[in-house]
Amino acid sequence: MSARQEILDFMRNEAYKPLTAEELISAFNIPKQERGRFLDLLDQMEEEGEIVQTRRDRYGIPDRMNLVVGRLERHSKGFGFLLPDDVEKEDVYINAGDVNGAMHNDRIIARIKGVKSGDKLSGEVIRILERANQTVVGDFEASQNFGFVVPDDSHIYHDIFIPKPDVNGASQGQKVVVKITRWPEERRNPEGKVVEILGNRGEPGVDIEAIIRKFELPKEFPKEVKEYVADISEEIPDQEIKRRRDLRDIKMVTIDGEDAKDFDDAVSIEQLDDNKVRLGVHIADVAYYVKEDSILDMEARERATSIYLVDRVIPMLPEKLSNNLCSLRDNEDKLAMSVFMTYNLETGELFDHEFMESIIEVNHRLTYDKVKEILVNEDQELIAEYDDFISELRLMEELCLQIRESRFNEGSLDFDFPESKVVLDDAGKPVDVVKVERSIAEKLIEEFMIATNRVVAREMFWRDVPFIYRVHETPNQSDLEGLNEFIHNFGYHIKGINQETHPKSLQTVLEKVKGEQEERIINTVLLRSMKQAHYEIQNIGHFGLAIDHYCHFTSPIRRYPDLMIHRIIKEIINQDVLNPNRRQALEEKLSELVEHSSLRERQAEEAEFESKDLKKVEYMEGEEGEVYEGIISGMMSFGFFVELPNLVEGLVHVSNLTDDYYIYHEDKQAYIGERTGNIYRLGDSVEVEVYQVNLAERQIDLLLRN
């Protein structure tokens, strides 16, 4: 057990009373020569919020002191919510007057003050552990003797005051990056200095560059990383080939999108007898090339994930790796981590599995469109072109449908919302927004990857090794009760709501509403009641998938947790057990890694969504006056959002509902006219006209057509 863990366990003891540093030194019997290191550890634990030092210089853990540690999610109106580090704890409401200088995404400690109306805990910020917004992106507003920057991020409540000497050449309306030089205080805005001018608002490319700076996304790889990668040999040594399982005689393919450039998974299938098939999932062996704690590894760990913006990819690994050495291109020898799973084809039951380091050769690079044309439309030209793998594809389809049915029978939730893709021209201007349909091809790969991640997580769990799990908690009881109350309006009910709710109960509701008029509304509200999946070192299962053991193993090119999992599995394959020192080192490393990776993942998702949303609004410029049939997709106190057929969303503001006085009923997710009784609720179809498109505000205003 690490010293850090010993301190925490000691302080969690019921009999513990907060002690001074000297008293802790005595309690742990720390030798004189080790006292400096012990005090440094206490300081580090305090900085990270694991322990708290009181005004009387005594140490304790937050839980025992009516304190909560987490990140602040701030609202544009000033108030916010503390999202606890401990995901099992509920969020804490922070009034605008109790924020005490904290900004959006800062890591804070809050003292619980009581309960706000609606049974929500309320608190006040007492300490800021980590500042999240060292720089801010926004529009520069000039004045004679100073300037202000209006942040692009509405979560950042204050404008940034810029003293005249720190304007640094910025002029009215330019998009700039400012560095915070003084944090906000009561009745005082934060101060900053302009460190970069991105260009004039509206210029081509400035919008996406602003998003990159706003989220502090990485761009170019550092020079030393590029030099390290340049020295990586492209040749696979003979001794490395000899020590691996040679799978080059097994037929396999990659199946990806048409525009994919990195291929990190291949699949194979073999018929063993009438009822048994052996599925192979082969993942690029990124860990062979990215050595742990190398300069390349440290850069990948910091990035944690590849980021897919609307017009570009910001990769976790340099192109030589992601698009070459670690990309499973057809007709090339490649190093892989392979998992074989033997299934009963009639029932989808898993008989056994096997992990190995391998060398493979992919036979064909297939795309989702090609597989769909072969399996669904029986395109004879494509069938002739890939005739050596057609029987395998049909066998994969059969197994996929069986595994999928089995998974949903176990209670896995099936949210099948349509997705959209923004098509850009060479100048980055949006020319179309199209729906992306999911066919058997996408589902085939999805099911095989889920199955592999499940098998890997279960194996490592029972081996009791330090590991990274992909977890998804059970929804809060209050959220489920609210959901149950809402769907009761439509004649549905969630069984077992007062006990520990099983996802099967929710999946039963989804099955009942399939094809009904209210399907979309109930799917939407149910999804919003779910918590967010994340990484954790403790396995608590995955509620949404109804799976006890789950991880991310299948994308080490673009997700750092997958890469770390590959390293752990390699050690188990080659050594069977971990020595105590390695086990302790892994536990400490993974504990830090899961929080960092989860945070980076959320950051990437927000940036990806914002870049796509920006281009959708830009696409709608010039559409004023056009009429669409849409679906109400979101309800807010100030109006409701309508999703158009191309999946672009616009807002019908409550002030534009002019035929009556409408009252928002949050429990019913509806606006109801006071005089007429007209109802506009989530999921309703409405006819709307595009009234105004504001690219600066990234908002599309709609009017109802009566």
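For this chain, numbers begin at 1 and follow the sequence in order.
- No side-chain N or O of Gln507 forms a donor-acceptor pair with one of Ser412 less than 3.5 Å apart.
- Ring centroids of His104 and Tyr157 are separated by 6.0 Å or more, keeping the two rings apart.
- Contact annotation: the side chain of His596 approaches that of Glu302 to within less than 4.5 Å [non-hydrogen atoms, C-beta and beyond].
- Between His552 and Tyr550, the two ring planes are perpendicular [angle over 60°; tilted spans 30° to 60°].
- Ring geometry for Tyr671 against Phe640 counts as tilted: the plane angle lies between 30° and 60°, on a 0 to 90° scale.
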*Check step by step if side chain to side chain contact (heavy atoms under 4.5 Å, CB included) holds for Phe448 and Met396.*
CA-CA 9 Å; Phe448 291 171; Met396 285 180 178; 3.9 Å; yes
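- Residue Glu624 places its CD atom among more than 12 non-hydrogen atoms of other residues, nucleotides or ligands, all under 6.0 Å distant.
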*Start with the C-alpha distance between Leu704 and Leu657, add both sets of side-chain angles, then the distance that settles side chain to side chain contact (heavy atoms under 4.5 Å, CB included), and finish with yes or no.*
CA-CA 8 Å; Leu704 284 177; Leu657 299 175; 3.3 Å; yes
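- Nearest heavy atoms, Glu608 versus Ser306: OE2-O, 4.1 Å.
- For Lys616, the NZ atom is densely surrounded, since the number of other residues' heavy atoms within 6.0 Å is greater than 12.
- Within the 4.5 Å cutoff, the side chain of Leu651 has no heavy atoms near those of the Ile700 side chain.
- Residue Gln134 places its CD atom among more than 12 non-hydrogen atoms of other residues, nucleotides or ligands, all under 6.0 Å distant.
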*asked:* For a side-chain hydrogen bond (donor to acceptor under 3.5 Å, both in side chains) check, start with the C-alpha distance between Ser685 and Glu629, then their side-chain angles and the critical distance, and finish with the verdict.
replied: CA-CA 7 Å; Ser685 294; Glu629 187 76 24; 4.6 Å; no
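- Taking the side chain as every heavy atom from C-beta outward, Val627 and Glu687 approach each other to under 4.5 Å.
- Remark: of the listed residues Thr367, Asn363, Val362, Thr367 is the sole one forming a side chain to side chain contact (heavy atoms under 4.5 Å, CB included) with Arg365.
- Ionic pairing of Arg454 and Glu447 is not present here: no N-O contact between side-chain nitrogen and carboxylate oxygen is shorter than 4.0 angstrom.
- Counting only heavy atoms from C-beta outward, the side chains of Lys219 and Arg213 approach each other to under 4.5 Å.
- Within 6.0 Å of the CZ atom in Phe79, the count of heavy atoms belonging to other residues, nucleotides or ligands exceeds 12.
- The aromatic rings of His364 and Phe389 stand perpendicular to each other, their planes meeting at an angle above 60°, with 30° marking the opposite boundary.
- Residues passing the ring-ring contact (aromatic ring centres under 6.0 Å, His included) test with Tyr560, sequence neighbours excluded: none.
- No more than 12 heavy atoms of other residues, nucleotides or ligands sit less than 6.0 Å from atom CD of Glu319.
- The pair Lys372-Glu437 does not count as a salt bridge, with every side-chain nitrogen at least 4.0 angstrom from each carboxylate oxygen.
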